[in-house]
Amino acid sequence: MKYDFRRIEKKWQKYWLDNKTFKADSNSEKPKYYVLDMFPYPSGSGLHVGHPLGYIASDIVSRFKRSKGFNVLHPMGFDSFGLPAEQYAVKTGQHPRKTTEENIVRFRDQLDKLGLSFDWDREIKTSDSSYYRWTQWIFLKLFNSYYDHGLNKAQPIAKLKIPKKLNEKEIESFIDSKRLAYVDTIDVNWCEELGTVLANEEVIGGLSERGGFPVIKRPMKQWVMRITDYADRLLDDLSELDWPESIKLSQKNWIGKSEGAEIKFSIDNNFIEVFTTRPDTIFGATYLVLAPEHPLINQITTDEYRKSISEYIDQASKKSDLERQENEKNKTGVFTGSFALNPISNEKIPVWISDYVLFSYGTGAIMAVPAHDERDNEFAKKFNLKIIKVIDGGNKDDCYTGNGSIINCGEYDGIDNIKFKSIVVEKLESENKGTKTINYKLRDWIFTRQRYWGEPIPIIYDGNNKKALEFDDLPLELPEVESYLPTNDGLSPLARNNDWVNVSINGKNYLRETNTMPQWAGSCWYFLRFIDPDNNNEFANKDLIKYWMPVDLYIGGAEHAVLHLLYARFWHKVLFDLDYVSTTEPFKKLVNQGMILGKSAFAHRIKNTNDFISFDMIKDEKTQKIHVDISFVDEKNRLNIERLKQNHSEFNDVNFIKGESFYVSRDIEKMSKSRYNVISPDDICKRYGADTLRMYEMFLGPIDQSKPWNTAGISGVFTFLNKFWNLFHRNEKFYVVDDQPSDEALKIYHKTVKKVVNDIDKFSFNTCISSLMICVNELKSQNCNSKKILEPLLILLSPFAPHISEELWELMGNKKSISDEPYPEHDEKYLEERSFDYPISFNGKRRFNKKLDLDLDEKTIREQVLSDKQTEKYLNNNSVKKIIIIKNKIINIVF
RNA sequence: GCCUUGGUGGCGGAAUUGGUAGACGCGCUGGAUUCAAAAUCCAGUUCUUUCGAGAGUGUGGGUUCGAUUCCCACCCAAGGUACCA
């Protein structure tokens, strides 16, 4: 019998599905283990070989843990709200639900072919109303809660102490000012092309993350999440997480906690408050700078400068973020005409405005210390402002930002600047001119999008009064609309359906909120719904949450380092405070899978012509690189021009200049449809089978590293699986015997078990597979057909290549699925060494090995080594200074 | 600029964390089998070499009996970040 992977894989995939082999049992006595993948957005282009990398890794761990006696929860679902389906709907008029459903079917089909052990009974889709009902419910929980800074946790609004003597309207706005989900008019990132507001996190360098369209600032009414109240806890709790340090660090930087002081600089009868992390440099503060949006500017500007100031403010407001950033190296600013008093040195210092100071951070005003801050230094030099050095940084730098002792500060000279920080703060505090403060970079999370394909926000308005929908009104279903475009005045497409927007409750008329939630909403809590996906009374049963949470292993891409992971942690902490979940953190261990890169192919077009030239013939010609589909390029980088022309008509009129063949150049890039470098797992599955694909993806290298895909190497893994299959066969017939295996066979087997178990724990799947390959080669050369080794070896391999293992397991006469078998353990006794090849080194350089008995004592080893003929040769009359023997394994002779 | 990660054969990558560098796989070379090819199997494969040996883990130093591993300086690549006071 040959290894017929097509038949085997089809058979077992059906078996697992029919028998619900991987159904997670919530009433188990076993210890639990929750393995979660970041669920995919079902995009139109389907899976490429990069997607399954994380799924295969988590599947190996799931199967391994199951075999190790854990009750494993390994679910999968779809993050099915999102922009691409909506943009497609705008273009074609097709309902996003339809495209999304179609894509999900395709994804599911592709995932099934990989033999992944998901419990599909728990599948969820964030765009199902039975799911987003609870997303809306959590939104209302946030709406109806505030953060109690005394208790350091969220509390229901009912517990909020309301100051006396407020009228009804004032009470309402007081409560609104405390809610964790609130409405605010803020300058938002507005993207005209996408017709929507974007979170700061979704804007990169002034352009939208998706699509790369320009983004401008625009004031709008928005729902906002008060994530800043959780800044400290989000930061502190990072330390207890088993996450990659780099991810923890980027979250830390994103939260951006900095300790410093707010200092009051008096000006006439008023004062300007600044935030600084360097109060120790206050003697060097030679001017103040306000952000152009600062409210005091109007008051303090003298008539003489009024015109230039208002011009500057006008210009600054028109600048986009991108333009502001472009000017980073060329600072602009204007003098207000006023002077403020430095509260410590009592010097009169000028007050300027400039857009290098951000209104949204700190107090929107800074004290400028040009001698010890690079930005201030640049500004001062440009506008000829005074520079005073107050910290001794030697003579090297004209702008010294390090630490040192204080200079030019009279009585304080010579003090260490770190000590001086607290001296200054204490002095300011005692004179009521400043306070110690902490600032964060983290901003509140803008939660609304002017989009159709998202969760409707369950709020109605009676004029300006907000009213939350009742529990029974949920889910608030997404209404049908005529067009998926935002309205001309920037309202969400939902505003187009008047029947839906106008609602009457108990005879009273209301208007519905028409914005929808951002895509992050659904993924903020999906791991909780997997625990109890069909519950109609709660988002998930509390006891079940207590049993399954936290997620023991979370695998996904590093691109979610700050966005998804921070938001999900935030919601989880709110739910924890309100006593709905039992853990402060949702994800105990996080592993990032690296990207699989594609090998793009480029044809070279001679500039300003329609002539393409073979890569080997390019001499002085200036050429442009044009992506060509890699499926028309062979391993020797030769392009099949005929097939290219057949499939891509734009090449029909092209003149190809070539010798014998037309050569392309190759480059390694991210895999994407537009780069024509995508390798689909379907093709690989068809040719080699899922087991080969699974093992090859893992064999490619460490899971967390980015690496290029190269299909050429896959034959090695395929050969291995064939060899493995043949190990159980002789003369084309299944052949396994009950004989006692040889000592050598047992030795290699136990060695492999030890290594594989150890490496799975370390997520080093590539070395696991190497060990398995060595093992199979050895057993084969020893003609080992013993059941005593082959049976446990099957279990050992089963997490990696489940289909072939199941098939051989059945051929051995077993009735139940191999996935219920306990994972093998190694026996130390077969690994003990009687003697050892001691490597003998001279002055650290290895020369030869000497076989020595392990039980010898050090003295005998010395004698034996020194009396060896080869030793004599290498010593060559030099006298021995020292002999070093370490761990009974290393011998180094120093002479 | 700053932060993070990484740099080992022709290629993907190993190395028990300071102890035989290049495991395992691809590719390549030679051989067996075959009318032939595919497939399979066996042997070899870091480089240089006067066949004694010598050099070698991005570069240059250092610590050590011994460094891919630790320390210092620098170079390169990928990713993140962007005037956060």
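Quick note on labels: first sequence line is chain A, next is B, and so on, each numbered from 1. Only heavy atoms go into these numbers, but all of them, side chains included; no hydrogens, no water, no symmetry mates.
Side-chain nitrogen and oxygen atoms of A:S250 include none within less than 4.0 Å of the OP1 or OP2 phosphate oxygen of B:rC3. Residue A:Y361 has a polar side-chain atom (N or O) positioned under 4.0 Å from OP1 or OP2 of B:rA85. The side chain of A:S246 contributes no N or O atom lying less than 4.0 Å from OP1 or OP2 of B:rG80. For A:N722 and B:rU40, the shortest distance from a side-chain N or O to OP1 or OP2 is not below 4.0 Å. Considering only side-chain N and O atoms, A:N253 lies nowhere under 4.0 angstrom from the phosphate OP1 or OP2 of B:rC2.
Stems are defined here as 3 or more consecutive Watson-Crick or G-U wobble pairs with pairing distances under 3.5 Å; those involving RNA chain B are B:1-7 with B:75-81, B:10-12 with B:24-26, B:27-32 with B:40-45, B:46-48 with B:53-55, B:58-62 with B:70-74.
Side-chain N/O atoms of A:Y440 and A:D232 include a donor and acceptor closer than 3.5 Å. With no hydrogens or angles considered, no side-chain donor-acceptor pair links A:N439 and A:S258 at under 3.5 Å.
Annotation: B:rG1 and B:rC65 have their C1' atoms spaced 44 Å apart (nearest Å). Between B:rG56 and B:rU8, the distance separating the two C1' atoms is 10 Å to the nearest Å. As rounded to the nearest Å, B:rG6 and B:rC72 have P atoms that lie 16 Å from one another. Rounded to the nearest Å, the gap between the C1' atom of B:rU33 and that of B:rU40 is 9 Å. The gap from the C1' atom of B:rA55 to that of B:rG9 amounts to 14 Å, rounded to the nearest Å. For the C1' atom pair drawn from B:rA15 and B:rA21, the interatomic distance equals 7 Å after rounding to whole Å. Taking atom C1' in both B:rG25 and B:rG79, one finds a spacing of 28 Å when rounded to whole Å. Rounded to the nearest Å, the gap between the C1' atom of B:rA36 and that of B:rU46 is 37 Å.
Closest to the A:S770 side chain, of the nucleotides B:rA23, B:rA85, B:rU4, is B:rA23. Distance from the side chain of A:D355 is smallest for B:rC83 among the nucleotides B:rG12, B:rA14, B:rC83. Nearest to the side-chain atoms of A:P702 among the listed nucleotides B:rG13, B:rC26, B:rC41 stands B:rG13. Closest contact between the side chain of A:L700 and the listed nucleotides B:rC83, B:rG12, B:rG27 involves B:rG12. Of the candidate nucleotides B:rA14, B:rG25, B:rG12, B:rG25 has the atom nearest to the side chain of A:M773.
Backbone-only engagement by A:T277 is indicated by non-hydrogen atom pairs under 4.0 Å involving sugar-phosphate atoms exclusively.
Listed for the A:K707 side chain is a donor-acceptor partner under 3.5 Å among the backbone atoms of A:Q705.
For the ring pair (Phe, Tyr, Trp, His ring centres under 6.0 Å) with A:Y696, the lone residue among A:F718, A:W709, A:F800, A:Y688 that qualifies is A:W709.
By the 4.0 Å N-to-carboxylate-O rule, A:K436 lies too far from A:E259 to be salt-bridged with it.
Other residues, nucleotides and ligands contribute more than 12 heavy atoms inside 6.0 Å of the NZ atom of A:K248.
Note: NZ (A:K707) to P (B:rU8) measures 16 Å, nearest angstrom.
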